[in-house]
J.: 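After the structure tokens below, expect a handful of questions from me.
Atoms within a ligand are numbered from 1 in the order they appear, just like the ligands themselves. Just so it is clear, the structure is predicted and the values come from calculations on it, not from any experiment.
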Amino acid sequence: MNRVLITGAAGFLGSHLCDRFIAEGNQVIGMDNLLTGSLKNIEHLFSHKHFVFYHHDVSKFVHVPGELDYILHFASPASPIDYLKMPIQTLKVGSLGTHNLLGLAKAKKARILVASTSEVYGDPHVHPQHEEYWGNVNPVGPRGVYDEAKRFQEAITMAYHNYHGLETRIVRIFNTYGPRMRLDDGRALPAFMGQALHSENITVFGDGSQTRSFCYIDDLVEGIYRLLMSDYVNPVNIGNPAEISIKDFAEEIVKLSGTSSKIVYKELPVDDPKQRRPDISKAKEILGWEPKVSRLEGLRITFHYFQTLPEFQPKTESVS
Ligand code: UDP
């Protein structure tokens with residue numbers, strides 16, 4: 001049985017990874033400082049005999065007793081609203097945190113996979129984005145704290161591979177959605193679905209012509225699993241290439257939810273990328289991976305998840 005450390009375990013991606021690695025018969029150590037994660041996402045695992053949870057901030061020295069076979073570093077604030085609120089923690093978890101986990105991987109002779117992001121491409125001049133594109137990032141803009149932390153993370157991960165011969169993997173994650181996203185994380189999808197469920201206006205930023213490409217969580221997890229098990233050390237894009245403008249995306253959610261909400265337009269945030277779509281040729285060729293879940297199907301599952309949250313249930317009065 002392999003022992004796997006997953007950081008950011010109580011987050012959206014981390015919790016789904018915990019589920020997958022448990023299902024594959026591993027022993028999983030979930031670690032999180034609960035800054036943006038929630039224990040609700042992993043409470044179903046607490047009774048599992050092969051799961052333990054450590055409440056710890058990986059920006060500080062990380063100690064894990066016993067052997068480790070794999071480390072997946074997924075701890076970080078990851079939505080624009082979160083990293084704008086927590087710029088220093090975001091920089092620290094991507095830099096100091098990654099350094100600590102690389103050191104741990106070296107000490108344990110473990111293979112480490114780090115969660116990078118399409119944000120390393122910034123507001124891209126190359127479309128779709130392939131892994132050889134170096135990006136267009138503003139280091140001192142509001143998104144710089146996340147983008148540059150992730151770029152540093154890739155650099156130090158490669159340095160540990162080249163200098164120490166550490167087994168490393170780098171996944172560049174494009175917009176991903178699904179159950180357990182936080183309703184209040186400010187991202188387009190939970191914002192639109194929450195607004196639809198509250199019958200509030202749907203807030204599209206800018207004129208909504210900016211594009212994104214949304215990947216369903218199960219597809220992402222499969223891609224990450226395959227990358228970890230592969231022997232490929234350079235960064236690999238994992239995402240769904242089906243690209244859509246944010247305006248059309250908002251309209252899809254209005255239709256799907258049956259809401260009477262109206263779409264309204266708000267100011268576009270600074271450095272908001274104008275277009276984003278992964279070139280997934282590498283993932284296809286090296287991992288034999290491509291997304292399977294259509295946006296319509298994924299959006300339905302996710303909407304149902306939000307719809308069944310306690311806050312959207314009718315208030316019932318107890319009868320004594
Ligand atoms: N967005 C929007 N309304 C919202 C939240 C986000 O129009 O209430 C836009 C945002 O400006 C961006 C796109 O939707 O152009 C995707 O935003 P998200 O935060 O989901 O992801 P990211 O910008 O990190 O790709």
J.: So, applying salt bridge (charged side-chain N to carboxylate O under 4.0 Å, His left out) with D123, which one of K274, R276, R143 is it?
T.: K274
J.: Could you name the protein residues that come within less than 4.0 Å of ligand 1, counting only heavy atoms, and order them by chain and residue number?
T.: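 Correct list: P80, E119, R143, N175, G186, R187, A188, A191, F192, T203, V204, F205, Q210, R212, I246, P269, D272, R276.
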J.: For S261 and T259, test the side chains for any donor-to-acceptor distance below 3.5 angstrom and give the result as yes or no.
T.: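 Side chains of S261 and T259: pair found under 3.5 Å.
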J.: Among H127, R172, Q129, find the residue that satisfies the side-chain hydrogen bond (donor to acceptor under 3.5 Å, both in side chains) test when tested with Y121.
T.: R172
J.: Distance alone, cut at 3.5 Å: any donor-acceptor contact between the side chains of E243 and T211?
T.: yes
J.: Determine whether the side chains of S59 and Q89 contain a donor N or O and an acceptor N or O closer than 3.5 Å.
T.: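 Note: S59 and Q89 side chains miss the donor-acceptor criterion.
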J.: If we count only N and O atoms by modelled type, under 3.5 Å, do the side chains of R187 and Y177 hold a donor and an acceptor together?
T.: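 Looking only at side-chain atoms, Y177 and R187 do not form any donor-acceptor pair under 3.5 Å.
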